Each structure stands twice: as C-alpha cells, then as structure tokens.
Protein chains: 2
Amino acid sequence: MSGPTLSDVADAAGVSYATADRVINKRGNVAQKSIDKVRDAVTRLGYVRNVAAANLSRRRVYRLAFLIPTGSNAFFNRVRDHIVQSANHLSADSISVEIVDVSAFSVEALQNSIGDLADLDFDGVAIVGLQSRLLEHPLAELRARGVAIIGLVSDLPTNFRSAYIGIDNRVAGRTAARMTGIAHAGRVGAIQTFAGSMDARDHAERLQGFRDVITADFPALTVLDPILTKDDPAVLYEAACGALQAGSSVTAVYNVGAGNVGLIKAISKTSGTRPFCVVHELVAHSKQALIDNHINLVIDQRPDVEVNRAFALLRALIDDRAMPPMPDLMPTIYVRDNLPADTLNTVMKAQTT
Amino acid sequence: MSGPTLSDVADAAGVSYATADRVINKRGNVAQKSIDKVRDAVTRLGYVRNVAAANLSRRRVYRLAFLIPTGSNAFFNRVRDHIVQSANHLSADSISVEIVDVSAFSVEALQNSIGDLADLDFDGVAIVGLQSRLLEHPLAELRARGVAIIGLVSDLPTNFRSAYIGIDNRVAGRTAARMTGIAHAGRVGAIQTFAGSMDARDHAERLQGFRDVITADFPALTVLDPILTKDDPAVLYEAACGALQAGSSVTAVYNVGAGNVGLIKAISKTSGTRPFCVVHELVAHSKQALIDNHINLVIDQRPDVEVNRAFALLRALIDDRAMPPMPDLMPTIYVRDNLPADTLNTVMKAQTT
DNA sequence: CTGAAAGCGCTTACAG
DNA sequence: CTGAAAGCGCTTACAG
C-alpha cells in the first residue's frame, strides 16, 4: 500500500502519464521503446496498479452471473439463497449479480443459456456445469469476449473454464463409506445403495468412492447394487420400503442422490430398529431427519463456502490479480449435534441485486 | 451502486458539499438546521457513502492486529499461517496486519498486550481471549479509542467485544460423543477421556458436551473421568500407555485438549487392536495419524474459515457497514478420507505484511 | 504514437 | 458555523 503510483512510473520512465497508462493497460499505440522504458520502471519501482482508484474513475460495476439449475431440488435452492444473500451484501462493493435459471440436467438448455450470455456483457460467470463437448463452443465464445468463467458444484469441460469450485465426489463417497464402516464396528452387514442415475457423473463417482473404501477396509460388509430412483422421492419411497422390510438383511442405507424426502418418509413409518442411514446435502428435510433420528449422517458440500469462494475467485480473475488463498473444499459430515442453526430455506427475496 | 453522491445530497439539502460532508461524517460544527436538512436529503435520496472513494482520498490503510498465544501449539501455528497467508493477499486491498505474540494462558500477559495496543493506533484487533474481568479495563480503553474488537477461537468478556468468531465447544464435545457412540454399534464400552486442565473453559465445555450425549443416547457406554495432562505430550504418552494396556476395558479414547503427539506415540507402539480414538484439531501430526490409522476421527474448527471471517468482520465493523452473511461456525469431522491436501504447517514467511 | 486536462466520489486543510 | 479548492490514483475523451 502507498507504493509508487503510475505517475512515479511515468517520471522514472521519462514518458507522460498517459503513455505509461497505455502500456500498463495494454491499450496499444505505443512505441516499443516507450513500452520497454515503462516496463522497466514498473519492475524497478515495484509498481502495482490501484484497482480501487481505477474502478472509481471508471464508475465500474462488476457484472456477474450464476447459471443454476431450476427445479425443486432443495440443494440448489440453498445455493440460490446464498447467492442472493451475498449479492445483497456485495452490492455495496459495486458488484451486481444475476441468477440465470437453467433447465436441470439438459445439455441443450445449458448450451443455449451459455450462448445467450455472450451478448449480455457480463464480467464473470459461475456455471453449474455438465461434461459435454457441446458446451465447448459457447464457452469459447464467452471467453473470447473476456468473460471470466468458473465451474460451480459440477464442473465444465476442463479447458474451457478458469477454475472449478466444488467437492470431489469420490471423496464424498469415500467419506460416507468410512462412517458406515465405523458404524458396523466389525459386524457383518449389507448396504443398500440408491442413486438417481448412473449417467450422472457425481452419482457414479460417489458410488465408486463408497465401494472402494468398503472393499478395501470393511470386508465384512457387502455393497448392494444401487436402486435407481431418478432422484424422485416417490420412487425412493417405494424402494426404501422394500429395503426396510422386517426381516431384511440390510444393515445400512446410502443414497448418493437426491429425493431424500421419500427415503425419510419410508423410514419414519418403520417400527423397530432401522438401518444406519447416510444421505447427501444438508437441507431442511435432511436436517430435520437428523434431529428426529431418522437418519444418522449427512455429507454436505457447504454451498455457502462454495458461493463465497466463487465471488472471491471471480473478482480476482476479472481484476487479473493473484488468487486468494483457497484450501481444498472437502465434504463435511453432519450429525445431529453439529447442525448449523441457520440452514436457510427462505423464499428468494430478489432474483437480482 | 452509482446511486446519489454527496454532492447530490448537498444540492438537495441546499447546503454546500463541505457541510453535507460534516454531517455525514459527524465532524461537528454544524447548525442543527443544516443537520436536519442533510439528514432529510440523505434518507430521501437513499444516499450511501462510497467507502472506496473515501479511502482513496485519505490514502487509508486499515491497520489490523491479531493477538495469538505463543508456544509450540500446532493449532495456533496453523492459525498464524492462515493469517499470514490472508494478509499477503489483502495487502493489495490496503490492509496491513500485525501478529502480536502473547504468552499462552496467562491473563496477565494478555492484559498487558491489550493495554499496549492502545497506543499503537490500530483500526481493529482480533484477540484469542480469556474470560477474566481483568481484561475489561484495557478492552474498554481500546474501544474508547475507536478500535474494533473481536474475540477469536476463545472469547473475551462478552460486553467488551463486538463479536466472537469460534465454535461452541459444547457442540464440539457432543459431536465427538455422537461419533464415538455410533462406533460402538450398541456394544458395551468405556471411554477414557483426557484433558489439559479443567480450568480451561474450552476443555471443560467439550467434556460436558461429550458426557451429555453419551448419557442421553448411549447408555451402554461409560465415560471415565478425564486424566489431566496439561496438554503435555509426555504426560499424555504415559497416561495413554496405561489406557492401552492389554486387558484394559477401555474401548475408546477421547482427548479434548492438545498434546496429541504423545497419544499417537502411545498408540503406534500398541500391538493388536486399539480403542476407537477421537482428538481435536487437524494439524500435521493428527492428520498423519488419521492416514496411518492410529486414530479414527479429528474434530476441527476450521481456522482458515475463522481467520477469513475475522478479516471480513473487522472490515465491516471499521467501516461501520452491514455485517457480511456469516452462518454458524460448526465443528467439522475429519476421517482419513476427507482430508484437505493442504494443511499447511509451513514456517512463517513473514510476521508482518 | 504522445500528452494535457477533466472527472470519478470523497477528505482535508484553509479562508472566511 | 460555512464554503471553495486541491488532491487521492486512476481512466477517458480530445488535441496534436
């Protein structure tokens, strides 16, 4: 702070302020000789651009967009809530944010939404992505316009975004497995798994991680093949009732996907002991189920932290500054005792801020 | 953003820019009549001060201090690392931070350090506190000078700080208990506990939370009275060897305090099965012990998140702005599968930035 | 290719 | 008690 200013640089380089500015900001139309002199002065003085002053003079507002899947998925509603809340607070820092709804799980819809972004003049976008080559073209287009792009929660094609913010789903699955193993305390058992669809990359990865750990470290346990539910609570309900039948040999249940309302409903109707139960994402109903002792564990990815980080990263990217420190995002384990009080599930107050 | 400016307000109020400024910033020497007119204009126009512009014109640098206990405590070294890392990044935002070393657990030392702060002209300080009335006077002094004060990790007397950033240690203990209970899968067991000192509030609280949950939900388990270790690895080592003896009825071990190096050493020398083992704070050695299967769980308070939040909070407090969103800080559970790759335990690169 | 000057929204002496 | 003016570190036309 209070280091050299651009006019110090200009003086040291023996050029005018305007010329120094031209090379600093790569505006072109500068003689190579001048460029060299300025570059030299910059490194000699250790000049660093004052972003705040620059923004003031330009009356700059950062325009950010978040592309989030629509639908009744409680997890993404939580993500939305966090975005809105942060946006409210960041409006004081000249940051405006818009949430763009995208039809869930549709490559085509996502492709179109990204395409539409190109004309909207955003400075940065965070996208809940999918792995599809179809996205590469619109992403390249966006990037060509100088828009900063990051993947959020679910990644985009790797070479077409600057960073990914989200957990490793294999790690999430491994974590679930470790806890399930521990809960058996060496006893024999069978774990019924559920998944939305094995085409969903995150579901497949979680299941894989889960299997890996059980196989390696808990040989007394068997992982039963997943029942596919399309994340539909009704389907999950029916399937879960089967697994929970009296006399079933199932000692644990693990759902890698959504639709837990159905699972919880099935459990709450069961009398007697129930299997050990692990699900993903802390939302209103999974939190309540933990409190009610209907399930044992929730593996969560902390969307609040992810959203926060998305904002910090986007700003750094846009200003072309050094990245803020960002330790790995690891899945968090919730039991009924370490639940945050404020899992918000409020109706969205404002779409845009 | 790009709302009304102070000169809009001045115009609307029919006073000069300077006068409007005087009432906005409470500089005094303004006629009540002018004050009213300006206040009125402010609310009518919805004026909000542009902090960035103000800071630019004052060449303002935020001066922050962190009071952190010294000693070889790995956890606080981790806290330091995070502070230094963030400070490095924040220097670009005109934030300077200083870490002040305070002799650990000494009310007197802390009292003196806080007293010394008064003349140093900081804008805000984060303090790893203690509960003692002796701190009230120096804190009041500091506050009188307009310094923003927050408690970090361990709270200060409640009425003498603006906020506390840290976990609830009862919750941490409850969480440890829940997992320990689960790991017994209904079997009978006895849990040997260890604590540094029952005078340490956080230790007492963790133990209490632990006991509460075991008593309420795991009647087959007995919580053995804590062995006091002063957080000394050597003491812990000796004590742990006893609990780990062949033929011991101890089925689990829980250390609410520090000094885990000793505990881990004792375990690593044990042959055959060992008890289920839970400790606090993820640092280099506890992480390694998790990987080596010497312990099962680490309950962690995420110092990186705490430090981050301390910076955000201090800034908001200093600028007298709305608080950023800050969900509850809950203890995190680590197993060997969800370990972050980058638990830094680097030597500090710089004390000050 | 280069430079002088006004302006961004504020604060800070300084003069009345 | 009040106001006019310079300056913070930059960007943006505008003139050469």
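All figures in this text were calculated on a predicted structure; none of them were measured in a lab.
- The separation between A/Asp11 atom CG and C/dG3 atom P is 12 Å, rounded to whole Å.
- Between A/Arg58 and D/dT12 there is a side-chain N or O to OP1 or OP2 distance below 4.0 Å.
- Phosphate contact (OP1/OP2 of D/dG9, side-chain N/O of A/Arg49, threshold under 4.0 Å): absent.
- Atom OH of A/Tyr17 and atom C1' of C/dA4 are 13 Å apart (whole Å).
- What separates CZ of A/Arg59 from C1' of C/dG9 is a distance of 9 Å, to the nearest Å.
- Atom pair A/Asn25:CG and D/dC10:P shows a separation of 10 Å (rounding to whole Å applied).
- Residues A/Arg145 and A/Asp121 are not paired through a salt bridge, judged by the lack of any N-O separation under 4.0 Å between the basic side chain and the carboxylate.
- Between A/Val38 and A/Val15 there is a side-chain heavy-atom pair separated by less than 4.5 Å.
- The pair A/Asp21-A/Lys26 does not count as a salt bridge, with every side-chain nitrogen at least 4.0 angstrom from each carboxylate oxygen.
- Rounded to whole Å, atom P of D/dG7 lies 18 Å from atom CG of A/Asn50.
- With a 6.0 Å cutoff to the six-membered ring centre and a 45° limit on the axis angle, A/Arg60 counts as a cation-pi contact of A/Tyr62.
- Taking all atoms of both residues into account, the shortest heavy-atom contact from B/Pro325 to A/Gln85 is CB-OE1, 2.8 Å.
- When rounded to the nearest whole Å, the span between CD1 of B/Ile24 and C1' of C/dC10 equals 12 Å.
- Using a 4.0 Å heavy-atom cutoff across all strands shown, B/Asp21 reaches at least one base atom of the nucleic acid.
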Watson-Crick and G-U pairing of DNA chain C written in dot-bracket, each distance under 3.5 angstrom, with | for inter-strand partners: |||.||||||||.|||
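- Separating the CG atom of B/Asp319 from the P atom of C/dC10 is a distance of 13 Å, rounded to the nearest angstrom.
- Annotation: cation-pi geometry not satisfied between B/Arg78 and B/Phe76 (NZ/CZ under 6.0 angstrom from ring centroid, within 45° of ring axis).
- Note on A/Asn29: a base of the nucleic acid sits closer than 4.0 angstrom, heavy atoms only.
- Of all heavy-atom pairs spanning B/Arg80 and B/Thr70, the tightest one is NH2-CA, 3.6 Å.
- At a non-hydrogen distance threshold of 4.0 Å, B/Ala31, B/Ser34 from residues 31-41 of chain B come into contact with DNA chain D.
- Using a 4.0 Å cut-off, no side-chain N or O of B/Arg60 falls inside it from OP1 or OP2 of C/dT11.
- The shortest distance between the side-chain N/O atoms of A/Tyr47 and the OP1/OP2 oxygens of D/dC10 is below 4.0 Å.
- A 4.5 Å side-chain heavy-atom check between B/Val102 and B/Pro69 finds every atom pair outside the cut-off.
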Could I get a table of every N or O pair under 3.5 Å where one atom is in the protein and the other is in nucleotides 13-16 of chain C?
none

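- Tested against A/Asp36, the residues A/Lys33, A/Arg39, A/Gln32 include a single side-chain hydrogen bond (donor to acceptor under 3.5 Å, both in side chains) partner, A/Gln32.
- Ion pairing between A/Glu306 and A/Arg309 fails under the 4.0 Å rule for side-chain N and carboxylate O.
- When the side-chain nitrogen and oxygen atoms of B/Ser16 are compared with OP1 and OP2 of D/dG3, one or more of them lie within a distance under 4.0 Å.
- Look at A/Arg321 and B/Asp93 and you find a salt bridge, because one of the NZ, NE, NH1 or NH2 atoms lies within 4.0 Å of a carboxylate O, short of that distance.
- Using a 4.0 Å cut-off between a side-chain N of Lys or Arg and a carboxylate O of Asp or Glu, B/Asp319 and B/Arg49 do not qualify as a salt bridge.
- Where B/Val15 and B/Leu56 meet DNA chain D, the nucleotide closest to each residue was compared, and B/Val15 sits on the side nearer the 5' end.
- Side-chain N/O atoms of A/Asn55 include none lying less than 4.0 angstrom from OP1 or OP2 on D/dC10.
- Heavy atoms of B/Leu6 sit under 4.0 angstrom from primed sugar atoms or phosphate atoms, though from no base atom.
- Heavy-atom minimum distance, B/Leu314 versus B/Ala148: CD1-O, 4.2 Å.
- Note on B/Ser57: every side-chain N or O is 4.0 Å or more away from OP1 and OP2 of C/dG9.
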